[in-house]
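Notes follow the structure.
Numbered from 1 within each chain, the chains take letters A, B, ... in sequence-line order.
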There are 2 protein chains.
Amino acid sequence: MEKLKDDLSNYNPKDYDSPSVTVDIAILSIIENDLKVLLIKRKYPPFRGYRAIPGGFVDIYRNETLKETALRELMEETNLKDIYVEQLKTYGDPNRDPRKRVITVAYFALVPYNLLKKLNIKAGDDAEDAQWFSLKKLPCLAFDHKKILKDLCIRLEGKVNYTDIAFKLLPKKFTWSQLQKVYEIILGRSLLRANFRRKIKSMYVLKELKEFKKQKGAGRPPLLLKYIKINTL
Amino acid sequence: MEKLKDDLSNYNPKDYDSPSVTVDIAILSIIENDLKVLLIKRKYPPFRGYRAIPGGFVDIYRNETLKETALRELMEETNLKDIYVEQLKTYGDPNRDPRKRVITVAYFALVPYNLLKKLNIKAGDDAEDAQWFSLKKLPCLAFDHKKILKDLCIRLEGKVNYTDIAFKLLPKKFTWSQLQKVYEIILGRSLLRANFRRKIKSMYVLKELKEFKKQKGAGRPPLLLKYIKINTL
DNA sequence: TCAATAGTGTCTATTAGACACTATTCC
DNA sequence: GGAATAGTGTCTAATAGACACTATTGA
């Protein structure tokens, strides 16, 4: 009780003219050999009819971390869980939302593309529908969401080189070609097969399964691989 | 006092749906061949008497970006401007502040160590004094500030290898040894002179001034250098 | 002179880039 | 066999690591 009294004596009403806070999440996956992001269409102003990254206000009565909020939004939008989610950056320019001061903590999710088939995408209450858009051919976006996605591209291009994020976009079992394709899409350039394999082998542990992936058409059937996560603390 | 009482009796945290938002800033510089951070001592609960990163609530009536808020806090604390400031990460776990839900956008500043001499450090209204602490020997800190500084160390260790942040900690004119020392301190290991120079020369443009730095004691006087920033968009 | 710091040359080891060769499948 | 994809070997170029040598100063 002593503690509470201390707290309150320090209370200043001005502290409570707080900005609103949202957590927005850019949900990414690979579709048709292209890195795409799931965007909703806004049902209400501001930016009614514009595309935007899904998100929602932080509800302080839910007892969740910001990351859990992002995961919940991902769940609400896509029904997916156990997906890789990472904080990108926080955006808080004073007039980024014309209504009032809104600070947005942006996250991104990397969805393995094999999960997209069974995906039934739901737009939230404040959105009409959700669709996938190429990160390279974006429509006009609400707020500063274009800037957010630009920052995201830069983050991915950097991190694909020294972290295992590429694997987050793949099914549990994958082939060398599939893995290489992910790198090529994120980096925006083609890589030489032999050199790519040598490099990846030097960085990660890949278990060669005793299975081959069935292909349509000609070509030698490729070996299936599994990524073995090593704890590097 | 009567008024305060009123305020308190009317105060119901549930009336306020938005979390509070603070911008905190870890101010770093190199002192005695060590990377140090400026920490204030908290004057009020919670964590009264504990050390913390300086910061303050986001005031929505100031028309400033989050980065400008960080720069203002840096200014208030140290009187310094034109200092490199970068967003680190946002921390919003539900119980990181025992009073209420507080979301903190953490920034860091890199202060050239030649500016420290003329520095008269002011603690804010809610702080007793401010002192420099080695990032490797931190006292107990308020909130999750230890975690913030841990994340900051990781960020610096990574970014020193592919960005020019090391130069932000140096005076405009510096020597090879001074630059190498900054890298060694951030990376936590010693480097070989010749290899270090070759690497840096391949990455950045350094202009050799026609001046030498006066040293105390023996040794060949070193050339002074200037870092030439190249726009790489 | 020596100790101390600065500046450079160069040999070797490692890693990255290029490219060709073999392997397996479908038609 | 030929087209298509997969898997491997190896030469070369570029980069990183190690270390020794020279240069310039103060005591």
Side-chain angles (χ1 to χ4, degrees), chain A residues 30 32-33 113 157-158 160-164 166-167 170-171 173-227, chain B residues 30 32-33 113 157-158 160-164 166-167 170-171 173-227:
Chain A
I30 288 179
E32 292 158 352
N33 281 332
Y113 56 69
E157 233 175 287
V160 79
N161 287 311
Y162 64 96
T163 71
D164 59 2
F167 299 97
L170 289 172
K173 296 177 182 183
F174 55 89
T175 68
W176 277 109
S177 296
Q178 290 175 313
L179 180 61
Q180 184 174 338
K181 200 73 205 169
V182 173
Y183 275 80
E184 290 178 334
I185 289 167
I186 293 177
L187 293 172
R189 65 196 169 88
S190 62
L191 304 169
L192 290 177
R193 210 171 355 136
N195 301 342
F196 174 75
R197 291 184 184 210
R198 187 178 47 196
K199 177 69 181 161
I200 297 295
K201 275 185 191 166
S202 78
M203 296 180 73
Y204 307 109
V205 179
L206 297 184
K207 184 175 182 187
E208 299 195 343
L209 303 176
K210 300 291 171 256
E211 306 173 56
F212 297 89
K213 185 173 159 59
K214 280 180 196 156
Q215 301 280 73
K216 52 186 177 189
R220 174 172 171 176
L223 254 179
L224 282 166
L225 305 169
K226 226 174 93 180
Y227 167 58
Chain B
I30 287 180
E32 293 159 350
N33 282 331
Y113 55 70
E157 232 174 288
V160 78
N161 286 312
Y162 64 96
T163 72
D164 59 2
F167 299 97
L170 289 172
K173 297 177 183 182
F174 54 88
T175 68
W176 276 109
S177 295
Q178 290 176 313
L179 179 61
Q180 185 174 335
K181 198 77 204 167
V182 172
Y183 275 81
E184 290 179 334
I185 289 167
I186 293 177
L187 293 173
R189 63 195 170 89
S190 61
L191 304 170
L192 291 177
R193 211 169 355 137
N195 301 342
F196 174 74
R197 292 183 184 210
R198 186 178 50 196
K199 178 68 179 160
I200 296 295
K201 276 186 190 165
S202 79
M203 295 180 74
Y204 307 109
V205 179
L206 297 183
K207 185 176 179 188
E208 300 196 341
L209 303 176
K210 298 293 170 255
E211 305 172 59
F212 297 89
K213 186 172 159 60
K214 280 181 197 153
Q215 301 281 72
K216 54 187 176 188
R220 175 172 171 175
L223 253 180
L224 282 167
L225 306 168
K226 226 171 94 180
Y227 168 58

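The side chain of B:A218 has C:dA4 as its nearest neighbour among C:dA4, D:dG17, C:dA6. Listed nucleotides: C:dT24, D:dT25, C:dA6. Nearest to the side chain of A:P221: C:dT24. With D:dT24, D:dT8, C:dA6 as the candidates, the nucleotide lying closest to the side chain of B:R193 is C:dA6.
For A:L225 and D:dA6, the CG to C1' distance is 12 Å, given to the nearest whole Å. We find that CD of A:Q178 is positioned 9 Å from P of D:dA6, with the value rounded to whole Å. The NZ-C1' distance, from A:K214 to D:dA4, rounds to 20 Å in whole Å. Following rounding to the nearest Å, B:L187 (CG) and D:dG17 (P) show an atom-to-atom distance of 11 Å. Note: CE (B:M203) to C1' (D:dT15) measures 13 Å, nearest angstrom. The interatomic distance linking A:L179 (CG) with D:dG7 (P) rounds to 12 Å, in whole Å. Between the CG atom of A:L224 and the C1' atom of D:dA6 there is a distance of 13 Å, rounded to whole Å. Note: CG (B:L192) to C1' (C:dT8) measures 14 Å, nearest angstrom.
For the pair A:K199 and C:dA16, the criterion of a side-chain N or O lying under 4.0 Å from OP1 or OP2 is met. In this structure, B:R198 does not reach the D:dT15 phosphate: none of its side-chain N or O atoms is under 4.0 Å from OP1 or OP2.
Of the two residues near DNA chain C, A:R189 and B:K201, the one whose nearest nucleotide lies more 5' is B:K201. Annotation: of the two residues near DNA chain D, A:A194 and A:Q215, the 5′-most nearest-nucleotide partner is A:Q215. Mapping A:N195 and A:L223 onto DNA chain D by nearest heavy atom places A:L223 closer to the 5' end of the strand.
By the 4.0 Å N-to-carboxylate-O rule, B:E211 lies close enough to B:K173 to be salt-bridged with it.
In this structure, B:D164 and B:Y227 have side chains that are in contact, with non-hydrogen atoms separated by less than 4.5 Å. Between A:L206 and A:K201, the closest side-chain pair of non-hydrogen atoms is not below 4.5 Å. A 4.5 Å side-chain heavy-atom check between B:I200 and B:Y183 finds at least one atom pair inside the cut-off.
Between the CD atom in B:E184 and the CG atom in B:L191 there is a gap of 4.5 Å [rounded to 0.5 Å].
Across all strands shown, A:S177 has heavy atoms under 4.0 Å from sugar-phosphate atoms exclusively, and none from any base.
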